[in-house]
Amino acid sequence: MKSSRHAKILEIINKYHVGTQEDLSAYLEQEGYPVTQATVSRDIRELKLSKISLNNGSQKYVAMSENQDDMVHKYIRIFKDGFRSMDMAQNILVIKTEAGMAMAVAAALDAMDCHEIVGSIAGDDTIMCAVRTVEDTAVLKERLQQLLTAN
């Protein structure tokens, strides 16, 4: 049942602009897959689905490719799409994002292997990254700034 449901989820997100877990649950129900919110959340995590921002300001789920080069570019795109500003406070890097994008941007940072970051906490539009040292914070901020300006 799970593999069938996963295939259906991938089919749904490729066919429709699914922006919330509730939307995905509704589509699954229409297709004959009764699910709970916990099941949908687990499926999203297992399928490694991510939200991307669309030009009209809405968001939708997409399946991430397993190709490592593609993944790096997608993480950078997620970072760029969600980023608004950043500032440092000693060894804490505070990153402001578009509303609702902090968790996706924080996950992208984790995947980009920013070794200076000890841990991060993401809310709705703010990420607080605990960095090892003040010097590492400045280096990380500069590296992320360069990512934003690179093509």
Discussion item. I'd like to check D87 versus I95 (side-chain heavy atoms, cut-off strictly below 4.5 Å). Are they in contact?
Written reply: no
Discussion item. Are V18 and K60 packed together at the side-chain level, in the sense that at least one heavy-atom pair is separated by less than 4.5 angstrom?
Written reply: no
Worksheet item: Hey, which of L147, I78, I117 is the one that makes side chain to side chain contact (heavy atoms under 4.5 Å, CB included) with M112?
Response: L147
Worksheet item: Do M101 and D125 touch side chain to side chain, with heavy atoms closer than 4.5 Å?
Response: no
Worksheet item: So do the side chains of F83 and V105 get within less than 4.5 Å of each other, counting heavy atoms only?
Response: no
Worksheet item: Is the closest side-chain heavy-atom distance between I12 and L28 below 4.5 Å?
Response: yes
Fill in: pair V94-I127: side-chain heavy atoms closer than 4.5 Å
no
Worksheet item: Is any side-chain N of the basic residue among R132 and E116 closer than 4.0 Å to the acidic one's carboxylate O?
Response: no
Practice prompt. Decide if atom NE2 of H6 counts as having more than 12 heavy atoms of other residues, nucleotides or ligands within a radius under 6.0 Å.
Written response: yes
Worksheet item: Between E46 and D43, is any pair of side-chain heavy atoms under 4.5 Å apart?
Response: yes
Worksheet item: Taking all non-hydrogen atoms of both residues, which atom of L93 and which atom of L140 are closest, and how far apart?
Response: CD2-CD2, 3.8 Å
Worksheet entry | Verdict with reasoning, H17 to S58, per side chain to side chain contact (heavy atoms under 4.5 Å, CB included) | CA-CA 9 Å; H17 290 265; S58 66; 5.9 Å; no
Worksheet item: Heavy-atom distance under 4.5 Å between the side chains of L144 and K141, does that happen here?
Response: no
Discussion item. Does either side chain, that of Y33 or that of S4, offer a donor lying less than 3.5 Å from an acceptor on the other one?
Written reply: yes
Item to complete: Scan side-chain atoms only and decide if K96 and T126 contain a donor-acceptor pair under the 3.5 Å cut-off.
Response: yes
